[in-house]
There are 6 protein chains.
Amino acid sequence: MKSLSVLASLSLLALTFPFAIASDPSQLQDFCVGVNTPADGVYVNGKYCKDPSLATADDFFFTGLNETQDTDNELGSFVTFASADNVPGLNTLGISFARADFAVNGLIPAHFHPRSSEILGVSQGTLLVGFVTSDKRLFTKTINVGDVFVFPQGQVHLAANVGKVPAVAFAALNSQNPGTTYISETVFGSNPPINPDVLAKAFRLDVTAIMDLQAKFDDSSNIKTY
Amino acid sequence: MKSLSVLASLSLLALTFPFAIASDPSQLQDFCVGVNTPADGVYVNGKYCKDPSLATADDFFFTGLNETQDTDNELGSFVTFASADNVPGLNTLGISFARADFAVNGLIPAHFHPRSSEILGVSQGTLLVGFVTSDKRLFTKTINVGDVFVFPQGQVHLAANVGKVPAVAFAALNSQNPGTTYISETVFGSNPPINPDVLAKAFRLDVTAIMDLQAKFDDSSNIKTY
Amino acid sequence: MKSLSVLASLSLLALTFPFAIASDPSQLQDFCVGVNTPADGVYVNGKYCKDPSLATADDFFFTGLNETQDTDNELGSFVTFASADNVPGLNTLGISFARADFAVNGLIPAHFHPRSSEILGVSQGTLLVGFVTSDKRLFTKTINVGDVFVFPQGQVHLAANVGKVPAVAFAALNSQNPGTTYISETVFGSNPPINPDVLAKAFRLDVTAIMDLQAKFDDSSNIKTY
Amino acid sequence: MKSLSVLASLSLLALTFPFAIASDPSQLQDFCVGVNTPADGVYVNGKYCKDPSLATADDFFFTGLNETQDTDNELGSFVTFASADNVPGLNTLGISFARADFAVNGLIPAHFHPRSSEILGVSQGTLLVGFVTSDKRLFTKTINVGDVFVFPQGQVHLAANVGKVPAVAFAALNSQNPGTTYISETVFGSNPPINPDVLAKAFRLDVTAIMDLQAKFDDSSNIKTY
Amino acid sequence: MKSLSVLASLSLLALTFPFAIASDPSQLQDFCVGVNTPADGVYVNGKYCKDPSLATADDFFFTGLNETQDTDNELGSFVTFASADNVPGLNTLGISFARADFAVNGLIPAHFHPRSSEILGVSQGTLLVGFVTSDKRLFTKTINVGDVFVFPQGQVHLAANVGKVPAVAFAALNSQNPGTTYISETVFGSNPPINPDVLAKAFRLDVTAIMDLQAKFDDSSNIKTY
Amino acid sequence: MKSLSVLASLSLLALTFPFAIASDPSQLQDFCVGVNTPADGVYVNGKYCKDPSLATADDFFFTGLNETQDTDNELGSFVTFASADNVPGLNTLGISFARADFAVNGLIPAHFHPRSSEILGVSQGTLLVGFVTSDKRLFTKTINVGDVFVFPQGQVHLAANVGKVPAVAFAALNSQNPGTTYISETVFGSNPPINPDVLAKAFRLDVTAIMDLQAKFDDSSNIKTY
C-alpha cells in the first residue's frame with residue numbers, strides 16, 4: 001500500500017511547521033503604532049495608529065522569546081507569537097515572528113496561514129516539516145539545528161518533533177496578522193459544529209465516527225491559536 | 001453536549017462552497033493574454049504574454065457554463081472553472097469564474113483558496129453554505145435561487161445540496177489562479193502520504209483509523225481540483 | 001468607407017458589458033464587515049469595520065439576483081449590483097457581483113470601471129459585447145447562454161441585447177467598489193456641465209449640437225449607476 | 001436650463017488634463033531596466049530586464065522636455081511622454097512623466113488613464129482643467145503658471161488652453177505605463193468601429209449622425225496617443 | 001588614487017537629486033480627500049477622508065510652484081513639496097510633486113525616499129545628479145533644461161547645481177508621502193544622537209571627529225525636510 | 001551640549017540592526033522556485049521559475065544558520081542571509097531570513113533596506129539597536145537574549161554588540177530581496193566615488209577630510225553586503 005511503503009522508507013515522516021506570509025498593504029508613513037481603541041465598536045482593517053509623537057522604542061519591542069514554554073498539553077507544543085497584537089509597532093509593517101516549543105513527540109498539526117508565507121528555523125532538536133500544495137504534492141524534510149524550511153502562502157503545513165529531546169523553532173511570517181487555521185480544529189471543532197452528515201461524506205467516515213470526533217474537539221476551545 | 005445540541009437544532013447545517021479571492025499583482029498594460037511556452041522549462045509567476053497585436057476576442061471568451069455536468073462521482077458534485085489556464089485573456093487581470101453542479105445530496109467538501117475570496121450565487125436548487133474563521137466561528141446559511149454568499153480569502157468553506165433537486169451555483173473569485181485546497185484530500189491523500197502517527201495525534205484517532213482513511217483517499221488522484 | 005463596411009458585415013456589432021476589476025488593498029484580518037458610521041463626517045478609504053464579534057452570516061449574504069428587473073427605461077436595461085455598499089461582508093475582500101437585465105434591443109452603453117476588471121456571463125438571451133483598448137482596437141463577440149467574456153481593467157466596454165427575447169447576464173468584478181463611468185452620461189451629463197465649446201472641438205460637432213446633447217442628458221440624473 | 005446657465009457663468013469652462021497613476025507591482029530588485037526582446041513573440045507583464053551589470057546612467061535619462069512642440073493639428077495640442085517605453089530605467093518603478101503643449105484654444109480632450117492618477121502643473125499660460133467622478137460631479141478650475149491640479153485614477157479629465165498665448169503643462173503619473181483612453185476617439189474611432197445603432201441609442205443621436213461622427217474619426221488613427 | 005582620478009575626469013561629479021516613489025495601497029473609491037482630525041489622538045495609515053459630498057476643486061489644487069524660493073541657507077537649496085499633507089486630494093492616490101531651488105553651488109545632499117521612486121526634471125540651470133545602488137554603483141549624469149533623470153525607490157541620490165546660475169528642478173514621486181531621509185542629518189543629527197563610538201567605527205573616524213560632526217548637526221533641526 | 005549629555009547618560013548608545021520588509025508582488029501560483037537562467041542576458045523582475053513539476057523539498061531548504069561565523073574584520077560582524085538568491089523556493093514569497101554574528105564591540109553600521117521592514121531577535125549576548133525616522137527621531141534600546149526589536153521599512157538602523165561576549169541575532173525581512181544600503185559605504189565607497197566637493201558640503205567637512213574618507217572606503221569592496 002502506497003502510504004505504508006512511503007511510511008516505511010520515511011519512518012519519521014516530515015511535518016511542516018507554522019507560519020507563512022503574504023502581501024499586506026504598504027505603509028503610508030514611517031510607522032503606525034497600533035492602538036486598541038475602536039470608537040463605539042467601529043474598527044478599521046488592521047488597527048488605528050497611536051499619535052506618532054507619542055511612540056516610544058517599547059512600541060517596537062517584545063521580550064521573552066528565549067523562555068521555554070510549557071508543552072504539557074494534548075499536542076505537546078506551544079507557540080508564542082509576536083504580531084501587531086502584542087508588538088504595536090508592527091502595525092502596517094507586514095511582518096511577524098514566533099517561537100514554537102515542542103515536547104518529545106510534540107506536534108504542531110496541519111494548518112495554514114491565509115495571509116502569509118513562512119520561514120521556519122530550528123534552534124534546538126530535530127523536526128519533520130512539510131507542506132502540501134494545492135495539487136496534493138507533499139514537500140517534506142527532516143531538519144535540524146541551523147536549518148530553515150519555507151512554507152508558501154496558504155499551503156497546508158505541519159511540524160513534528162521526531163528527535164529524542166524537546167525542540168525549539170523560530171518562524172518569520174510576512175503579515176502583521178497572518179491568521180492560523182488548524183485543519184482538525186476548524187473542521188471538527190467549529191462553533192457551531194458543521195453538520196456531521198456533510199463531514200461524513202467528505203471524510204469517508206460514518207456519521208457516528210464524525211460525531212465522536214466532534215465531541216473530542218468540543219473541548220478544544222482553549223487550544224492556543226495564533 | 002454542545003456540538004450535538006447544535007446539530008439537533010440545525011438538522012441540516014449549512015456548509016460553505018468553493019472559492020475566494022486575494023490581491024494579484026496589478027496590470028502593467030491593457031492586457032497580457034497568457035501563453036504556455038516556457039522556454040527550456042523556464043516559467044514566470046503567472047504566464048508569459050502573447051504578442052498583443054495577435055490577441056483576438058476569443059482569448060477573452062469561454063463557453064459551456066450553461067451545460068449540466070455529470071455529478072455521478074463519490075461527492076456528487078462537479079466544478080467547471082474558467083481561469084487564466086483556459087481563458088488566456090484573464091492572465092494578469094486578477095479574476096476568475098466557476099460553475100458548480102450538485103447532485104441531490106451532492107457536496108463540495110471543506111476547502112479553501114490560498115489566493116482569493118469568493119462570491120457564490122445559486123441559480124438552481126438549495127445549498128447549505130458556510131465558512132469557518134481562523135478563530136473557529138462557523139458562519140452558515142441556507143441559500144436559494146438568486147441568493148449569494150461571500151467567503152473571505154483563505155477561510156475554510158463548503159457547500160452541500162440540501163434540496164430535493166440537483167443544484168447549480170456560480171462563483172466569482174478575485175485571482176486569476178485562486179488555487180483550491182480540499183481539506184480531506186490534502187491531509188489524507190497527499191503524495192507521498194503524511195506520516196500516520198502524526199495525523200493520528202492531530203485528529204485524535206488511532207493509527208489504524210488514519211491508515212484506513214489514507215487508503216480510501218489513495219484512489220482520489222482523479223478528483224477534479226480547480 | 002471603413003466603418004460602414006465593417007458595419008455591413010457585422011450587422012449587429014458586438015458590444016461589451018459592464019464591469020472589470022483591479023487590485024484592492026489586501027485584508028489584514030479574516031474579514032472587516034463594513035459599517036456606515038463616519039464619526040463627525042470623517043471617513044476612511046473603503047469602510048470602517050463592525051465589531052468582528054458581532055458579525056453574522058447575513059453580513060455575507062445578498063438575495064434577489066434571480067428576480068427579473070424592470071427595464072422600461074430609455075436604455076432598456078437595469079443593473080443590480082452586490083458590492084461592499086449592500087453586502088457589508090465584502091468590505092476589504094476585493095470582489096463584487098452584478099446582474100444585468102436587458103429588454104429586447106436593450107443596451108448597457110459604453111462605460112468603464114476605474115478600479116476593476118470584469119467577467120460577464122450570459123444566462124438568458126444573446127448579447128453583443130466588446131471592449132476597446134487604449135490603442136483603439138475593438139475586441140467584440142456575440143455571446144449566448146453559457147458564454148462568458150472578459151473586460152480588462154479600465155477598458156471601455158458595452159453590451160447590447162441583439163436577440164429576440166429579453167437577456168440576462170451576470171458579472172464578477174475584482175474590487176469591492178469598482179466604480180462605473182458611463183461615457184455619454186459623464187461627458188454630456190456632468191454636474192455642472194462641461195463647457196460646450198470644448199466638447200464641440202473634441203467631438204467634432206458644432207456647439208449647438210453639443211448643447212442639444214447636454215440638454216438631453218440633463219435629465220439623466222436618475223439613471224442608475226453602479 | 002441648467003447646463004446653459006452654468007455655461008454662461010463659466011464662459012470658458014475648465015477642462016482637465018492628461019494623466020493619473022495607480023499601483024504598479026513593487027520592485028523585487030534595485031532596478032530592472034526594460035528591454036524589448038520578446039523571445040519568439042513571448043512577452044511579460046511590463047518588460048524583461050537588461051542585465052543589471054550593463055545598465056548605464058543613460059537608461060535613466062530622457063531629454064527634450066524643454067522643446068516647444070508643433071501643435072498645428074486639429075486639437076491644437078501635443079503630448080510628449082516619458083514612460084517605460086522610452087526611458088527603460090522606469091521599468092518596474094511605477095512612475096512616468098509628460099509635457100503637454102497647447103496652441104491658443106488648444107485642447108487635450110476628455111480622456112482617462114486606466115492605470116494611474118495624475119498631477120498636472122502649468123509652466124506657461126492658463127488652462128481650464130477638470131475631472132468628472134463616477135457619480136458625474138465635475139471638479140473644475142482655471143489654473144495658471146505655478147498651479148497644479150490632481151486627477152484621481154481612472155476619472156475622466158481634460159484640459160483646454162483658455163488664455164491668449166500658447167500654454168505648456170507638465171504632468172506626473174504613478175504608473176510606468178498609465179495608458180490613455182481618449183473618449184471620443186475610443187467611442188467613434190475604434191477599429192473596427194462600434195455598431196452605429198448601439199452608439200445612437202447611447203448618445204441619443206440618430207444613426208446618420210453617429211455614422212457622420214465615425215467617418216470624421218476614421219481619419220484619426222495618426223492622433224498621438226500616450 | 002581611484003576616487004581622485006575619477007574626480008579629475010569628472011571635474012564636477014554628478015550628484016543625484018531628491019525623490020522616488022513606491023507602491024501605496026490602492027484606492028477603494030474615486031477619491032478620499034484627507035482631513036486632519038484624529039479623534040482623541042487616534043490616527044490611521046495615511047489620513048481619514050472628508051465627506052465626499054463636501055469635496056471641492058480646491059482640495060485637488062496647489063499654487064505657487066512658479067515662485068523662486070529663498071536658498072540663503074547652508075546648503076543653498078530649498079524644496080517645496082506638494083503631498084497629501086498640503087494637497088488633501090492626493091490622499092490615497094499614490095503620487096506627489098515637488099519643486100527644488102538651487103543657489104549657485106547649491107546642493108540637495110545625499111538622501112533617499114523610503115516609500116517612492118522619483119523622476120527629476122530640470123527647468124532652469126545645470127545639475128549633477130546621481131544615485132548609488134545597494135551594490136555601491138554610482139549612476140550619474142550632468143543634466144540641463146529639459147532633461148529628466150530617474151531615481152529608483154530607496155536608492156541614495158543627490159543633486160548639485162554645477163552651473164553658473166541658480167537652478168530649478170521639478171520632481172514627481174509615486175507615493176502620497178514618500179518620506180525623505182537625509183543621510184548626514186539622520187546619522188549625525190538624530191534626536192537623541194547616536195553613540196559617537198559606534199559612528200566612529202562605521203565612518204572610520206575618531207570619536208572626537210564624530211562629536212564635532214554631531215555638534216555641527218545639532219543645529220540642523222530647522223533644515224526643511226520633505 | 002545636547003548630543004554629549006545624551007551620550008553621557010547612554011554610555012553605550014543603542015544601535016539598530018540590519019533588515020526590514022516591504023510589500024512584494026503577490027504570488028500567482030503555489031510557488032515559483034527561482035532559477036538563474038536569463039536567456040541571452042534577459043532577466044525579469046525577480047526570477048524566472050523552475051518547472052513546478054521538478055521542484056523538490058531542497059528548493060525550500062537552507063542550512064548552517066547555527067554556525068558561528070568569522071567576525072575578524074574591521075566591523076567585527078558577519079551576516080548570513082537566506083533570500084531568494086540562495087533559497088530558490090523563496091522566489092515570489094516576499095520573505096527572507098538572516099543570522100548576524102557580532103564580535104565583542106562588533107557593529108553592523110547604519111544602513112537601511114529599500115524594500116522591507118525587519119524584525120531582529122537576539123539569541124546570544126547584548127545589542128544596542130535603534131532606528132532613525134525620516135524626521136530624525138532615534139528609537140533605541142538595549143536588547144538581550146529573547147528580545148526582539150522592529151525596524152520599519154526604509155528607516156536607517158544599526159546594531160552594536162555592547163556586551164562582554166560575542167553576540168548572535170536572527171532577523172526576518174518581508175521581501176525576497178530586501179536590499180541593504182550601508183550608509184558610509186554607499187556615500188564614501190561608491191564606484192565611481194561621489195564628487196568630494198559635494199560631500200564636503202553635505203557632511204560639513206573640508207574636501208581633504210572627505211578624500212581621506214573616500215580613500216579608506218576605497219578598499220571596502222569586499223565587505224559582504226546582503
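All figures in this text were calculated on a predicted structure; none of them were measured in a lab. Just so it is clear: chains get the letters A, B, ... in the order the sequence lines come, proteins before strands, and each one is counted from 1. Heavy atoms only: backbone and side chains are in, while hydrogens, waters and symmetry mates are out.
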Turns out that what part of E:Thr56 lies under 4.5 Å from chain D's heavy atoms comes down to backbone
Structural part of E:Val122 lying under 4.5 Å from a heavy atom of chain D:
neither
Under the ring pair (Phe, Tyr, Trp, His ring centres under 6.0 Å) rule, collect the residues that match up with E:Phe60, sequence neighbours excluded.
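Partners of E:Phe60 under the ring pair (Phe, Tyr, Trp, His ring centres under 6.0 Å) test: D:Phe131, D:Phe139, E:Phe31.
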Any side-chain heavy atom of [X] within less than 4.5 Å of one from [Y]?
X        : Y       : result
D:Pro152 : E:Asp30 : no
D:Asp147 : E:Leu65 : no
D:Ile143 : E:Phe61 : yes

Pick from D:Val148, D:Thr63, D:Asp58, D:Thr92 with the largest number of heavy-atom pairs that fall under 4.5 Å of chain E
D:Val148
Looking at D:Gly121, D:Gly89, D:Pro52, which has the largest count of heavy-atom pairs under 4.5 Å with chain E?
D:Pro52
Taking all non-hydrogen atoms of both residues, which atom of D:Leu93 and which atom of E:Gln153 are closest, and how far apart?
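Answer, listing the atom of D:Leu93 first, then E:Gln153: CD2-N, 4.5 Å.
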What one should report as the nearest heavy-atom pair of D:Lys141 and E:Ala57 is CB-CB, 4.5 Å
How far does CZ of E:Phe149 sit from CG of D:Asp59, to the nearest 0.5 angstrom?
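Reported value, rounded in 0.5 Å steps: 9.0 Å.
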I need the E:Ser123 OG to D:Asn66 CG distance, nearest 0.5 Å.
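So the OG of E:Ser123 and the CG of D:Asn66 are separated by 10.0 Å.
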